[in-house]
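One structure is given here, and the rest of the page talks about it.
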Amino acid sequence: MTTSPRPDPLQRLADEQARRARAQLLRRVRTTEPGEGAAIVVDGRRLTSFASNDYLGLSRHPALVEALVRAARSDGVGAGAAHLLGGHRDEHARLEEALARWTGRERALLFSTGYMANIGAIAGLVGAGDLCVEDKLNHASLIDGARLAGCALKRYVHADAGSAARQLGTHPEAAALLATDGVFSMDGDVAPLRDLATLCRAQGATLMVDDAHGLGVLGAEGAGSVAEAALAQDDVPVLMGTLGKALGTFGAFVAGSAALIDGLVQTARSFIYTTAMPPALAAATCTAIDIARFEGWRRDRLVRLIAHFRHGADSRGIALMDSRTAIQPVPLRDSAAALAVSARLADAGFHVPAVRPPTVPRGQSRLRLTLSVSHTESDVERLLDALAVALERGSHSSPNRLPEGED
(Lines give C-alpha, C1' and ligand atoms only; values in the text may rest on other atoms or scores of the structure.)
Protein backbone atom coordinates (compact mmCIF):
# COMPACT_ATOMS: atom_id res chain seq x y z
CA MET A 1 0.00 0.00 0.00
CA THR A 2 1.45 3.37 -1.04
CA THR A 3 1.03 6.29 1.28
CA SER A 4 1.35 9.90 0.26
CA PRO A 5 4.45 11.63 1.65
CA ARG A 6 4.03 13.76 4.72
CA PRO A 7 4.62 17.51 4.40
CA ASP A 8 8.13 18.44 5.51
CA PRO A 9 7.92 21.01 8.35
CA LEU A 10 11.48 22.20 7.66
CA GLN A 11 10.73 22.76 3.99
CA ARG A 12 7.55 24.59 4.91
CA LEU A 13 9.59 26.85 7.22
CA ALA A 14 12.07 27.51 4.40
CA ASP A 15 9.24 28.35 2.00
CA GLU A 16 7.80 30.85 4.49
CA GLN A 17 11.21 32.45 4.91
CA ALA A 18 11.54 32.81 1.15
CA ARG A 19 8.05 34.34 0.93
CA ARG A 20 8.92 36.91 3.59
CA ALA A 21 12.17 37.73 1.85
CA ARG A 22 10.32 38.44 -1.42
CA ALA A 23 7.89 40.70 0.46
CA GLN A 24 10.73 42.53 2.25
CA LEU A 25 9.42 41.25 5.58
CA LEU A 26 12.44 39.14 6.57
CA ARG A 27 13.70 39.75 10.10
CA ARG A 28 17.38 39.80 10.92
CA VAL A 29 19.20 39.43 14.23
CA ARG A 30 22.09 41.88 14.58
CA THR A 31 24.79 41.72 17.24
CA THR A 32 25.23 45.10 18.90
CA GLU A 33 27.59 46.65 21.42
CA PRO A 34 26.69 49.47 23.81
CA GLY A 35 28.53 52.77 23.78
CA GLU A 36 28.37 55.87 25.93
CA GLY A 37 24.95 57.40 26.57
CA ALA A 38 22.55 56.43 23.80
CA ALA A 39 25.28 55.19 21.49
CA ILE A 40 25.23 51.67 20.04
CA VAL A 41 27.55 49.84 17.64
CA VAL A 42 25.65 47.98 14.89
CA ASP A 43 27.54 46.04 12.21
CA GLY A 44 30.68 47.96 13.12
CA ARG A 45 29.01 51.40 12.87
CA ARG A 46 28.63 53.67 15.88
CA LEU A 47 25.05 54.96 15.86
CA THR A 48 22.83 56.93 18.22
CA SER A 49 20.08 54.51 19.14
CA PHE A 50 16.44 55.55 19.16
CA ALA A 51 15.26 51.96 19.54
CA SER A 52 15.75 51.11 23.22
CA ASN A 53 12.99 50.58 25.78
CA ASP A 54 15.41 51.71 28.50
CA TYR A 55 13.26 54.80 28.98
CA LEU A 56 14.78 55.99 32.27
CA GLY A 57 18.37 55.17 31.31
CA LEU A 58 18.81 52.67 34.16
CA SER A 59 20.25 49.63 32.39
CA ARG A 60 23.85 50.83 32.95
CA HIS A 61 23.28 52.83 36.12
CA PRO A 62 26.26 52.33 38.51
CA ALA A 63 24.00 51.59 41.48
CA LEU A 64 22.26 48.76 39.59
CA VAL A 65 25.57 47.34 38.43
CA GLU A 66 26.93 47.42 41.98
CA ALA A 67 23.80 45.78 43.42
CA LEU A 68 23.97 43.01 40.83
CA VAL A 69 27.70 42.37 41.34
CA ARG A 70 27.40 42.41 45.14
CA ALA A 71 24.52 39.90 45.08
CA ALA A 72 26.26 37.67 42.53
CA ARG A 73 29.38 37.55 44.66
CA SER A 74 27.29 36.60 47.68
CA ASP A 75 24.77 34.18 46.16
CA GLY A 76 26.18 33.21 42.77
CA VAL A 77 24.64 33.78 39.37
CA GLY A 78 21.79 31.34 38.81
CA ALA A 79 18.97 30.44 41.18
CA GLY A 80 19.54 26.77 40.38
CA ALA A 81 15.92 25.68 40.58
CA ALA A 82 12.33 26.71 40.08
CA HIS A 83 10.77 28.93 42.75
CA LEU A 84 8.84 25.97 44.20
CA LEU A 85 11.89 23.68 44.28
CA GLY A 86 14.28 25.81 46.29
CA GLY A 87 15.09 28.58 43.81
CA HIS A 88 13.16 31.32 45.66
CA ARG A 89 15.72 33.48 47.49
CA ASP A 90 15.50 36.44 49.84
CA GLU A 91 16.20 38.74 46.87
CA HIS A 92 13.13 37.40 45.06
CA ALA A 93 10.93 37.87 48.12
CA ARG A 94 12.19 41.44 48.62
CA LEU A 95 11.51 42.27 44.98
CA GLU A 96 7.98 40.88 45.07
CA GLU A 97 7.25 42.94 48.20
CA ALA A 98 8.71 46.09 46.60
CA LEU A 99 6.64 45.62 43.43
CA ALA A 100 3.44 45.11 45.41
CA ARG A 101 4.06 48.26 47.46
CA TRP A 102 4.91 50.33 44.38
CA THR A 103 1.83 49.29 42.42
CA GLY A 104 -0.56 49.37 45.39
CA ARG A 105 -1.33 45.65 45.28
CA GLU A 106 -1.47 43.07 48.06
CA ARG A 107 1.00 40.69 46.47
CA ALA A 108 3.21 40.18 43.42
CA LEU A 109 4.60 37.08 41.72
CA LEU A 110 7.79 37.00 39.66
CA PHE A 111 8.01 35.47 36.18
CA SER A 112 11.04 35.11 33.93
CA THR A 113 9.57 37.20 31.09
CA GLY A 114 6.50 39.24 30.28
CA TYR A 115 5.48 36.62 27.75
CA MET A 116 5.53 33.93 30.44
CA ALA A 117 3.67 36.18 32.89
CA ASN A 118 0.84 36.82 30.42
CA ILE A 119 0.35 33.25 29.30
CA GLY A 120 0.55 32.01 32.89
CA ALA A 121 -1.92 34.53 34.27
CA ILE A 122 -4.48 34.16 31.48
CA ALA A 123 -4.42 30.36 31.57
CA GLY A 124 -4.81 30.49 35.33
CA LEU A 125 -7.91 32.65 35.07
CA VAL A 126 -9.85 31.35 32.05
CA GLY A 127 -10.18 28.13 30.08
CA ALA A 128 -12.56 26.15 27.92
CA GLY A 129 -16.06 27.65 27.98
CA ASP A 130 -14.80 31.04 29.18
CA LEU A 131 -14.30 34.29 27.27
CA CYS A 132 -11.28 36.55 26.82
CA VAL A 133 -11.87 39.92 25.15
CA GLU A 134 -8.80 41.77 23.88
CA ASP A 135 -7.83 44.96 22.08
CA LYS A 136 -6.91 44.30 18.43
CA LEU A 137 -3.48 45.87 19.01
CA ASN A 138 -2.60 43.91 22.14
CA HIS A 139 0.86 42.46 22.51
CA ALA A 140 1.29 38.99 21.01
CA SER A 141 1.77 37.44 24.46
CA LEU A 142 -1.74 38.43 25.54
CA ILE A 143 -3.23 37.01 22.35
CA ASP A 144 -1.22 33.81 22.64
CA GLY A 145 -2.16 33.52 26.31
CA ALA A 146 -5.85 33.38 25.39
CA ARG A 147 -5.23 30.90 22.60
CA LEU A 148 -3.22 28.61 24.86
CA ALA A 149 -5.88 28.85 27.57
CA GLY A 150 -8.45 27.35 25.19
CA CYS A 151 -11.10 30.00 25.88
CA ALA A 152 -13.11 31.90 23.30
CA LEU A 153 -11.03 34.89 22.13
CA LYS A 154 -12.80 38.00 20.86
CA ARG A 155 -10.97 41.11 19.62
CA TYR A 156 -12.37 44.63 19.86
CA VAL A 157 -11.65 47.78 17.87
CA HIS A 158 -8.53 49.44 19.20
CA ALA A 159 -9.13 51.53 22.33
CA ASP A 160 -12.91 51.37 21.83
CA ALA A 161 -14.81 50.51 25.02
CA GLY A 162 -18.07 50.33 23.09
CA SER A 163 -16.64 47.66 20.82
CA ALA A 164 -15.32 45.81 23.89
CA ALA A 165 -18.82 45.87 25.38
CA ARG A 166 -20.26 44.32 22.24
CA GLN A 167 -17.70 41.53 22.33
CA LEU A 168 -18.41 40.83 25.99
CA GLY A 169 -22.07 40.57 25.03
CA THR A 170 -21.39 37.67 22.66
CA HIS A 171 -21.00 35.27 25.62
CA PRO A 172 -23.11 36.84 28.40
CA GLU A 173 -23.10 33.72 30.63
CA ALA A 174 -19.38 32.95 30.41
CA ALA A 175 -16.69 33.92 32.89
CA ALA A 176 -14.93 36.81 31.16
CA LEU A 177 -11.48 38.37 31.22
CA LEU A 178 -10.84 41.67 29.42
CA ALA A 179 -7.12 42.10 28.69
CA THR A 180 -5.40 45.19 27.32
CA ASP A 181 -2.01 46.78 27.02
CA GLY A 182 -1.68 49.88 29.20
CA VAL A 183 0.63 51.55 26.67
CA PHE A 184 0.57 49.97 23.22
CA SER A 185 4.07 48.94 22.25
CA MET A 186 3.88 49.76 18.53
CA ASP A 187 1.59 52.82 18.62
CA GLY A 188 2.60 54.43 21.91
CA ASP A 189 -0.95 55.44 22.85
CA VAL A 190 -2.57 54.70 26.21
CA ALA A 191 -5.62 52.48 26.67
CA PRO A 192 -8.89 54.06 27.93
CA LEU A 193 -8.44 52.30 31.26
CA ARG A 194 -11.12 54.13 33.21
CA ASP A 195 -13.74 53.37 30.56
CA LEU A 196 -12.68 49.72 30.46
CA ALA A 197 -12.78 49.46 34.25
CA THR A 198 -16.30 50.90 34.29
CA LEU A 199 -17.34 48.44 31.59
CA CYS A 200 -15.89 45.46 33.46
CA ARG A 201 -17.68 46.42 36.68
CA ALA A 202 -20.96 46.69 34.81
CA GLN A 203 -20.50 43.41 32.92
CA GLY A 204 -18.97 41.35 35.75
CA ALA A 205 -15.73 40.85 33.80
CA THR A 206 -12.20 40.84 35.21
CA LEU A 207 -9.83 43.51 33.87
CA MET A 208 -6.18 42.64 33.20
CA VAL A 209 -3.64 45.30 32.17
CA ASP A 210 -0.22 44.61 30.65
CA ASP A 211 1.71 47.71 31.74
CA ALA A 212 5.08 46.76 30.27
CA HIS A 213 5.56 50.19 28.67
CA GLY A 214 3.79 52.28 31.31
CA LEU A 215 5.56 51.08 34.45
CA GLY A 216 8.25 53.50 35.51
CA VAL A 217 7.25 56.33 33.18
CA LEU A 218 3.57 57.12 33.88
CA GLY A 219 1.67 57.92 37.05
CA ALA A 220 2.73 59.10 40.50
CA GLU A 221 6.20 57.74 41.34
CA GLY A 222 6.14 55.99 37.96
CA ALA A 223 3.68 53.36 39.18
CA GLY A 224 2.30 53.08 35.63
CA SER A 225 -0.72 53.72 33.45
CA VAL A 226 -3.11 52.13 35.96
CA ALA A 227 -1.88 54.49 38.69
CA GLU A 228 -2.11 57.44 36.28
CA ALA A 229 -5.78 56.53 35.70
CA ALA A 230 -6.30 56.46 39.51
CA LEU A 231 -7.48 52.84 39.39
CA ALA A 232 -7.00 50.57 42.40
CA GLN A 233 -6.65 46.81 42.78
CA ASP A 234 -10.44 46.29 42.78
CA ASP A 235 -10.68 48.17 39.46
CA VAL A 236 -7.80 46.30 37.81
CA PRO A 237 -7.54 42.94 39.60
CA VAL A 238 -4.73 41.65 37.36
CA LEU A 239 -1.68 43.83 36.66
CA MET A 240 1.34 42.64 34.68
CA GLY A 241 4.57 44.59 34.41
CA THR A 242 8.01 43.95 33.00
CA LEU A 243 11.39 44.75 34.51
CA GLY A 244 13.48 44.97 31.34
CA LYS A 245 12.18 48.29 30.02
CA ALA A 246 12.04 51.39 32.23
CA LEU A 247 13.65 49.50 35.11
CA GLY A 248 16.59 48.41 32.95
CA THR A 249 16.96 44.81 34.21
CA PHE A 250 15.06 41.64 33.21
CA GLY A 251 11.98 39.65 34.14
CA ALA A 252 8.32 40.35 34.86
CA PHE A 253 5.62 40.08 37.50
CA VAL A 254 1.90 39.78 38.04
CA ALA A 255 0.42 41.77 40.93
CA GLY A 256 -2.99 41.69 42.56
CA SER A 257 -4.83 40.25 45.51
CA ALA A 258 -3.42 37.55 47.75
CA ALA A 259 -6.06 35.19 46.34
CA LEU A 260 -4.88 35.87 42.77
CA ILE A 261 -1.22 35.25 43.57
CA ASP A 262 -1.89 32.16 45.67
CA GLY A 263 -3.98 30.79 42.82
CA LEU A 264 -1.32 31.46 40.19
CA VAL A 265 1.30 29.69 42.30
CA GLN A 266 -0.86 26.58 41.91
CA THR A 267 -1.92 26.96 38.27
CA ALA A 268 0.48 29.14 36.24
CA ARG A 269 2.59 26.58 34.40
CA SER A 270 5.01 29.24 33.12
CA PHE A 271 5.80 30.06 36.77
CA ILE A 272 5.81 26.52 38.14
CA TYR A 273 7.91 24.79 35.49
CA THR A 274 10.80 27.18 34.96
CA THR A 275 13.95 28.19 36.82
CA ALA A 276 13.69 31.31 38.95
CA MET A 277 15.37 34.48 37.67
CA PRO A 278 18.96 35.01 38.88
CA PRO A 279 18.74 36.42 42.42
CA ALA A 280 21.36 39.06 41.52
CA LEU A 281 18.95 40.46 38.93
CA ALA A 282 16.25 40.65 41.59
CA ALA A 283 18.64 42.61 43.82
CA ALA A 284 19.47 45.02 40.99
CA THR A 285 15.77 45.50 40.25
CA CYS A 286 15.04 46.49 43.86
CA THR A 287 17.61 49.25 43.42
CA ALA A 288 16.03 50.24 40.09
CA ILE A 289 12.60 50.57 41.71
CA ASP A 290 13.95 53.01 44.30
CA ILE A 291 15.56 55.13 41.58
CA ALA A 292 12.48 55.02 39.35
CA ARG A 293 10.17 55.98 42.22
CA PHE A 294 12.14 58.75 43.83
CA GLU A 295 14.19 60.33 41.03
CA GLY A 296 11.21 62.02 39.45
CA TRP A 297 13.48 64.25 37.38
CA ARG A 298 13.95 61.30 35.01
CA ARG A 299 10.26 61.25 34.10
CA ASP A 300 10.22 65.04 33.90
CA ARG A 301 13.14 64.99 31.48
CA LEU A 302 11.52 62.28 29.38
CA VAL A 303 8.34 64.35 29.10
CA ARG A 304 10.39 67.34 27.91
CA LEU A 305 12.23 65.25 25.31
CA ILE A 306 8.92 63.87 24.00
CA ALA A 307 7.51 67.39 23.67
CA HIS A 308 10.74 68.56 22.01
CA PHE A 309 10.59 65.76 19.46
CA ARG A 310 6.92 66.22 18.64
CA HIS A 311 7.25 70.00 18.31
CA GLY A 312 10.31 69.59 16.10
CA ALA A 313 8.55 67.04 13.90
CA ASP A 314 5.55 69.33 13.52
CA SER A 315 7.70 72.30 12.55
CA ARG A 316 9.39 70.17 9.88
CA GLY A 317 6.11 68.78 8.51
CA ILE A 318 6.83 65.23 9.67
CA ALA A 319 3.67 63.24 10.39
CA LEU A 320 3.63 61.27 13.65
CA MET A 321 1.12 58.94 15.23
CA ASP A 322 -0.88 60.21 18.20
CA SER A 323 1.30 59.30 21.19
CA ARG A 324 2.25 61.13 24.38
CA THR A 325 4.64 58.42 25.56
CA ALA A 326 8.28 57.65 24.80
CA ILE A 327 7.15 55.48 21.86
CA GLN A 328 6.89 57.83 18.85
CA PRO A 329 6.05 55.91 15.65
CA VAL A 330 6.64 57.50 12.25
CA PRO A 331 4.06 56.00 9.84
CA LEU A 332 5.31 55.00 6.38
CA ARG A 333 2.69 52.41 5.31
CA ASP A 334 4.92 50.57 2.83
CA SER A 335 7.49 48.03 4.09
CA ALA A 336 10.04 48.94 1.43
CA ALA A 337 9.77 52.63 2.31
CA ALA A 338 10.19 51.91 6.02
CA LEU A 339 13.33 49.88 5.32
CA ALA A 340 14.71 52.56 3.02
CA VAL A 341 14.19 55.40 5.51
CA SER A 342 15.67 53.31 8.31
CA ALA A 343 18.75 52.65 6.14
CA ARG A 344 19.11 56.37 5.34
CA LEU A 345 18.99 57.17 9.03
CA ALA A 346 21.68 54.57 9.70
CA ASP A 347 23.86 56.24 7.06
CA ALA A 348 23.27 59.50 8.95
CA GLY A 349 24.33 57.90 12.26
CA PHE A 350 21.03 56.78 13.84
CA HIS A 351 19.59 53.38 14.73
CA VAL A 352 15.81 53.55 14.16
CA PRO A 353 14.38 50.15 13.13
CA ALA A 354 11.63 49.62 10.60
CA VAL A 355 8.61 47.72 11.93
CA ARG A 356 6.65 45.76 9.33
CA PRO A 357 3.91 43.12 9.14
CA PRO A 358 3.14 40.83 10.85
CA THR A 359 4.27 42.86 13.90
CA VAL A 360 1.92 45.63 12.71
CA PRO A 361 -1.10 45.30 10.38
CA ARG A 362 -0.57 45.20 6.63
CA GLY A 363 -0.20 48.69 5.18
CA GLN A 364 0.91 50.17 8.53
CA SER A 365 4.70 49.81 8.38
CA ARG A 366 6.55 52.43 10.35
CA LEU A 367 9.67 53.50 12.13
CA ARG A 368 9.35 52.71 15.83
CA LEU A 369 11.27 55.52 17.44
CA THR A 370 11.74 55.59 21.22
CA LEU A 371 13.09 58.30 23.48
CA SER A 372 15.13 57.88 26.66
CA VAL A 373 16.65 60.14 29.29
CA SER A 374 19.97 58.96 27.85
CA HIS A 375 19.29 61.22 24.85
CA THR A 376 20.27 64.87 24.77
CA GLU A 377 18.36 67.70 23.15
CA SER A 378 21.13 67.78 20.57
CA ASP A 379 20.56 64.08 19.79
CA VAL A 380 16.87 64.82 19.18
CA GLU A 381 17.59 67.83 16.95
CA ARG A 382 20.10 65.91 14.86
CA LEU A 383 17.66 63.03 14.46
CA LEU A 384 14.87 65.36 13.38
CA ASP A 385 17.08 66.95 10.74
CA ALA A 386 18.20 63.55 9.46
CA LEU A 387 14.62 62.24 9.49
CA ALA A 388 13.37 65.21 7.48
CA VAL A 389 16.05 64.61 4.84
CA ALA A 390 15.45 60.83 4.75
CA LEU A 391 11.70 61.29 4.32
CA GLU A 392 12.16 63.94 1.64
CA ARG A 393 14.34 61.59 -0.40
CA GLY A 394 11.67 58.90 -0.25
CA SER A 395 8.59 61.11 -0.52
CA HIS A 396 7.88 60.12 -4.12
CA SER A 397 7.12 56.53 -3.10
CA SER A 398 5.60 56.77 0.38
CA PRO A 399 4.71 60.26 1.56
CA ASN A 400 4.93 61.02 5.25
CA ARG A 401 4.88 64.81 5.14
CA LEU A 402 1.87 66.65 6.53
CA PRO A 403 -0.22 68.19 3.73
CA GLU A 404 0.18 71.94 3.26
CA GLY A 405 -1.77 73.84 5.90
CA GLU A 406 -2.47 70.86 8.18
CA ASP A 407 -1.19 70.41 11.70
Side-chain angles (χ1 to χ4, degrees), residues 29 31 53-54 58-61 64-103 105-125 127 139-150 208 210-212 215-216 238-256 258-289 292:
V29 177
T31 300
N53 296 325
D54 185 17
L58 297 184
S59 65
R60 305 184 71 194
H61 194 289
L64 271 68
V65 174
E66 176 57 31
L68 186 143
V69 170
R70 184 171 59 248
R73 284 177 177 153
S74 171
D75 297 329
V77 177
H83 285 278
L84 296 176
L85 294 179
H88 194 71
R89 308 283 184 82
D90 286 343
E91 290 86 351
H92 297 128
R94 283 199 307 116
L95 177 55
E96 288 177 339
E97 291 167 3
L99 289 165
R101 281 195 306 273
W102 188 25
T103 58
R105 266 64 189 163
E106 291 177 9
R107 297 265 299 281
L109 186 68
L110 293 175
F111 287 78
S112 295
T113 68
Y115 216 108
M116 295 176 75
N118 278 338
I119 63 175
I122 293 174
L125 290 164
H139 190 269
S141 57
L142 286 171
I143 297 164
D144 289 355
R147 289 171 174 166
L148 289 168
M208 175 179 179
D210 175 339
D211 209 21
L215 189 73
V238 188
L239 173 65
M240 195 285 284
T242 58
L243 313 176
K245 297 177 178 66
L247 292 180
T249 60
F250 186 78
F253 68 96
V254 173
L260 169 69
I261 300 308
D262 286 341
L264 291 181
V265 168
Q266 306 303 317
T267 62
R269 294 166 66 88
S270 55
F271 166 80
I272 298 166
Y273 299 110
T274 194
T275 301
M277 73 159 64
L281 273 175
T285 307
C286 284
T287 299
I289 290 172

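Below, each value reflects all heavy atoms present in this structure, side chains not excepted, and no hydrogens, waters or symmetry copies. Quantities reported herein were computed from a predicted structural model and do not represent experimental measurements. Sequence positions, counted from 1, serve as the residue numbers for this chain.
Considering only residues two or more places apart in sequence or on other chains, Asp75 meets the side chain to side chain donor-acceptor pair (under 3.5 Å) condition with none of them. Take Tyr115 and apply the side chain to side chain contact (heavy atoms under 4.5 Å, CB included) test, not counting sequence neighbours, and it matches Thr113, Ile119, His139, Ala140, Ser141, Asp144. Taking Glu66 as the reference, Arg70 meet the salt bridge (charged side-chain N to carboxylate O under 4.0 Å, His left out) condition, with sequence neighbours excluded. The side chain to side chain contact (heavy atoms under 4.5 Å, CB included) test applied to Ser59 returns Asp54, not counting sequence neighbours.
Of all the heavy atoms in Ala280 and Leu68, the pair that sits closest is CB-O, 3.5 Å. Between Phe111 and Ser270 the shortest heavy-atom distance is CE2-OG, 3.7 Å. Residues Leu109 and Glu96 share a closest heavy-atom pair of CA-OE2, 3.5 Å. The two residues Leu247 and Leu64 come nearest to each other via the heavy atoms O-CD2, 3.6 Å. Closest approach of Ala246 to Leu215, counting heavy atoms only: CB-O, 3.2 Å. Of all non-hydrogen atoms in Ala67 and Thr287, the two that sit nearest each other are CB-OG1, 3.5 Å.
Judged purely by atom type and a 3.5 angstrom limit, Thr249 has no side-chain atom pairing as donor or acceptor with the backbone of Leu281. Looking at Glu106, its side chain does come within 3.5 Å of a backbone N or O of Ala258 through a donor-acceptor pair.
Note that CD1 of Ile122 and CG of Leu142 are 5.0 Å apart. Values are rounded to the nearest 0.5 Å. Of the inter-residue distances, the one linking Asp211 atom CG with Thr103 atom OG1 reads 9.5 Å to the nearest 0.5 angstrom. Put simply, CZ on Arg105 and CG on Leu239 are 5.0 Å apart, with the number rounded to the nearest 0.5 Å. Summarising the geometry, atom CE belonging to Met208 is positioned 9.0 Å from atom CG belonging to Leu260; distances are rounded to the nearest 0.5 Å. Once rounded to the nearest 0.5 Å, the distance linking CG of Leu99 with CG of Leu243 reads 6.0 Å. The distance from atom OG1 of Thr285 to atom CE of Met277, rounded to the nearest 0.5 Å, is 6.0 Å.
Residue pairs meeting the salt bridge (Lys or Arg N to Asp or Glu O under 4.0 Å) criterion with at least one member in residues 258-273, sequence neighbours excluded, are Arg107-Asp262.
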Donor-acceptor contacts, no H, no angles, side chain residues 83-90, under 3.5 Å, sequence neighbours left out:
unit_1, atom_1, unit_2, atom_2, d
His83, ND1, His88, ND1, 2.8
Arg89, NH2, Ala79, O, 3.1

